[in-house]
2 protein chains.
Amino acid sequence: MLNDSFMDALNRAIVERLLLDGRATYQEIGNAVGLSAPAVKRRVDLMLARGEIAGFTVRVDPQAMGWILEGYVEIFCSGIVSPAMLERELGPIPEVVRVSTVTGDADAMVHIMASSMAEIESTVERIRTAAHVVKTRTALVMSRVIDRPGA
Amino acid sequence: MLNDSFMDALNRAIVERLLLDGRATYQEIGNAVGLSAPAVKRRVDLMLARGEIAGFTVRVDPQAMGWILEGYVEIFCSGIVSPAMLERELGPIPEVVRVSTVTGDADAMVHIMASSMAEIESTVERIRTAAHVVKTRTALVMSRVIDRPGA
DNA sequence: ACTGAAACTCCCGGGAA
DNA sequence: TTCCCGGGAGTTTCAGT
């Protein structure tokens with residue numbers, strides 16, 4: 001190999017290609033980045049094994065799938081907020097798509113998706129009754145203006 | 001086909017499968033949902049044509065890719081906020097991963113990813129100088145506690 | 001069901017430590 | 001020399017009609 005930085009540049013190019021089309025063939029990727037198909041596969045497998053690539057997925061139009069409503073819920077907790085506790089308490093809620101602990105006044109940002117306003121309401125209710133949550137602040141998404149893959 | 005609701009249930013099962021593994025073969029999906037491979041392909045192509053499936057992509061570990069910093073920026077604008085304007089003004093910023101107009105006190109939620117604190121700072125600065133933004137409220141992500149595919 | 005193509009798996013060659 | 005990485009061909013499976 002030439003050096004590490006060059007290798008990372010190749011992997012980065014491969015990932016960039018896969019971000020655009022996760023079903024691209026190894027040959028297509030190879031042509032784009034200047035490698036043979038088996039070489040690309042080896043690198044992809046390595047990145048998978050190292051966890052740099054978590055897996056492959058499909059990009060779904062949430063509206064078409066009936067998840068017509070989406071929102072960000074900031075939660076404010078009393079006392080200590082451990083990631084493990086958040087995972088245990090919010091993990092079972094299917095409408096909860098992402099939870100991140102954050103800096104600032106809120107303790108965590110919860111991203112939720114639901115198919116009806118009633119579902120939003122009950123989901124926020126479930127969040128409120130969990131994990132020492134004392135307050136929530138919900139912002140409903142009206143429309144996605146920009147959405148890049150790989151977020 | 002039997003009827004629309006049954007078809008949607010099958011499509012939903014196919015999508016669910018693809019969410020877990022975007023590179024699953026049509027045969028694997030067919031075995032899982034009780035269809036032949038060509039039948040699965042027909043349905044996937046249809047969903048692609050209708051935009052229900054936007055495409056395929058790879059799930060990347062942001063940390064491994066060097067996007068070690070992530071944040072949510074709420075923006076508050078003066079006057080009218082049109083999605084088209086937001087797209088035009090924030091689209092060119094590469095660190096901006098998602099922009100959604102939202103209800104509540106903020107006008108839009110901007111999701112950003114960056115590789116350094118300096119990049120975060122300059123990105124927020126660029127956002128502030130755009131689109132009649134009069135105020136921003138930034139929450140940096142400390143850790144992702146829950147992350148489901150297909151968000 | 002059939003054809004073409006892609007994935008997967010060897011083994012080999014070359015370059016660096 | 002030894003190890004690591006990329007290239008190439010054969011086999012099997014999958015994609016596309």
Side-chain angles (χ1 to χ4, degrees), chain A residues 1-62 64-65 148-150, chain B residues 1-68 115 147-150:
Chain A
M1 122 190 30
L2 299 176
N3 58 49
D4 280 348
S5 69
F6 185 59
M7 183 184 93
D8 284 1
L10 272 174
N11 280 352
R12 198 168 284 269
I14 292 171
V15 167
E16 198 153 326
R17 192 78 192 167
L18 284 173
L19 281 171
L20 294 175
D21 180 11
R23 281 183 94 93
T25 66
Y26 292 128
Q27 200 153 20
E28 284 173 337
I29 302 167
N31 289 338
V33 305
L35 249 56
S36 70
V40 173
K41 178 186 162 34
R42 267 195 298 269
R43 281 169 176 272
V44 170
D45 287 344
L46 246 170
M47 287 190 278
L48 276 167
R50 288 195 294 229
E52 295 165 4
I53 290 178
F56 296 91
T57 189
V58 64
R59 297 185 56 206
V60 168
D61 176 16
M65 282 299 134
R148 294 194 220 281
Chain B
M1 87 188 67
L2 299 177
N3 58 48
D4 280 348
S5 69
F6 184 58
M7 184 184 91
D8 283 2
L10 273 172
N11 280 354
R12 198 169 283 270
I14 291 170
V15 167
E16 198 153 325
R17 192 78 192 168
L18 284 173
L19 281 171
L20 294 174
D21 180 10
R23 278 183 95 93
T25 66
Y26 294 128
Q27 198 165 295
E28 286 173 335
I29 302 167
N31 289 338
V33 305
L35 249 56
S36 70
V40 173
K41 180 192 161 28
R42 269 181 49 104
R43 283 166 176 272
V44 170
D45 285 345
L46 244 169
M47 287 190 278
L48 275 167
R50 287 195 296 229
E52 294 165 5
I53 290 178
F56 297 91
T57 189
V58 63
R59 297 185 53 207
V60 168
D61 176 16
Q63 304 226 349
M65 283 298 133
W67 304 332
I68 51 176
S115 54
D147 189 9
R148 293 194 221 281

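Since we're looking at a predicted model, the values are computed, not measured. Chain A is the first sequence line, chain B the second, and so forth, proteins listed ahead of strands; every chain is numbered from 1.
- Between the side chain of B:Arg23 and the backbone N or O of A:Gly22, at least one donor-acceptor pair lies under 3.5 Å.
- When the P atom of C:dC8 is taken as reference, atom CG of A:Leu48 falls 11 Å away, rounded to whole Å.
- B:Val60 and B:Pro62 get closest at one heavy-atom pair: O-CD, 3.1 Å.
- Taking both residues in full, the closest heavy atoms of B:Asp147 and B:Arg59 are given as O-NH2, 3.8 Å, listed atom of the first, atom of the second, then distance.
- Between the C1' atom of D:dG6 and the CG atom of A:Asp45 lies a distance of 15 Å, rounded to the nearest Å.
- When the side-chain hydrogen bond (donor to acceptor under 3.5 Å, both in side chains) test is applied to A:Gln27, no partner is found at least two apart in sequence or on another chain.
- In this structure, the separation between CZ on B:Phe56 and CG on B:Leu18 is 5.0 Å, given to the nearest 0.5 Å.
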Give each protein N/O atom lying under 3.5 Å from an N/O atom of nucleotides 7-11 of chain D, with the pair distance.
| unit_1 | atom_1 | unit_2 | atom_2 | d |
| --- | --- | --- | --- | --- |
| D:dG7 | OP2 | A:Ser36 | N | 2.7 |
| D:dG7 | OP2 | A:Ser36 | OG | 2.9 |
| D:dG7 | N7 | A:Arg42 | NH2 | 3.4 |

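- Counting all heavy atoms, side chain and backbone alike, B:Thr57 lies closest to A:Leu19 at OG1-O, 2.9 Å.
- Computed from coordinates, the A:Leu10 CG to D:dC4 P distance equals 19 Å when rounded to whole Å.
- Listed pair B:Lys41 / D:dA15 fails the phosphate criterion, with no side-chain N or O lying under 4.0 Å from OP1 or OP2.
- Within residues 23-30 of chain B, the residues approached by DNA chain D to less than 4.0 Å at the level of any non-hydrogen atom are B:Thr25, B:Tyr26, B:Gln27, in residue-number order.
- Distance A:Leu46 CG to C:dC8 P: 15 Å, rounded to the nearest Å.
- In terms of heavy atoms, B:Ala13 sits closest to B:Val33 at CB-CG1, 3.6 Å.
- A:Arg12 contributes a side-chain N or O that, together with a main-chain N or O of B:Met65, makes up a donor-acceptor pair within less than 3.5 Å.
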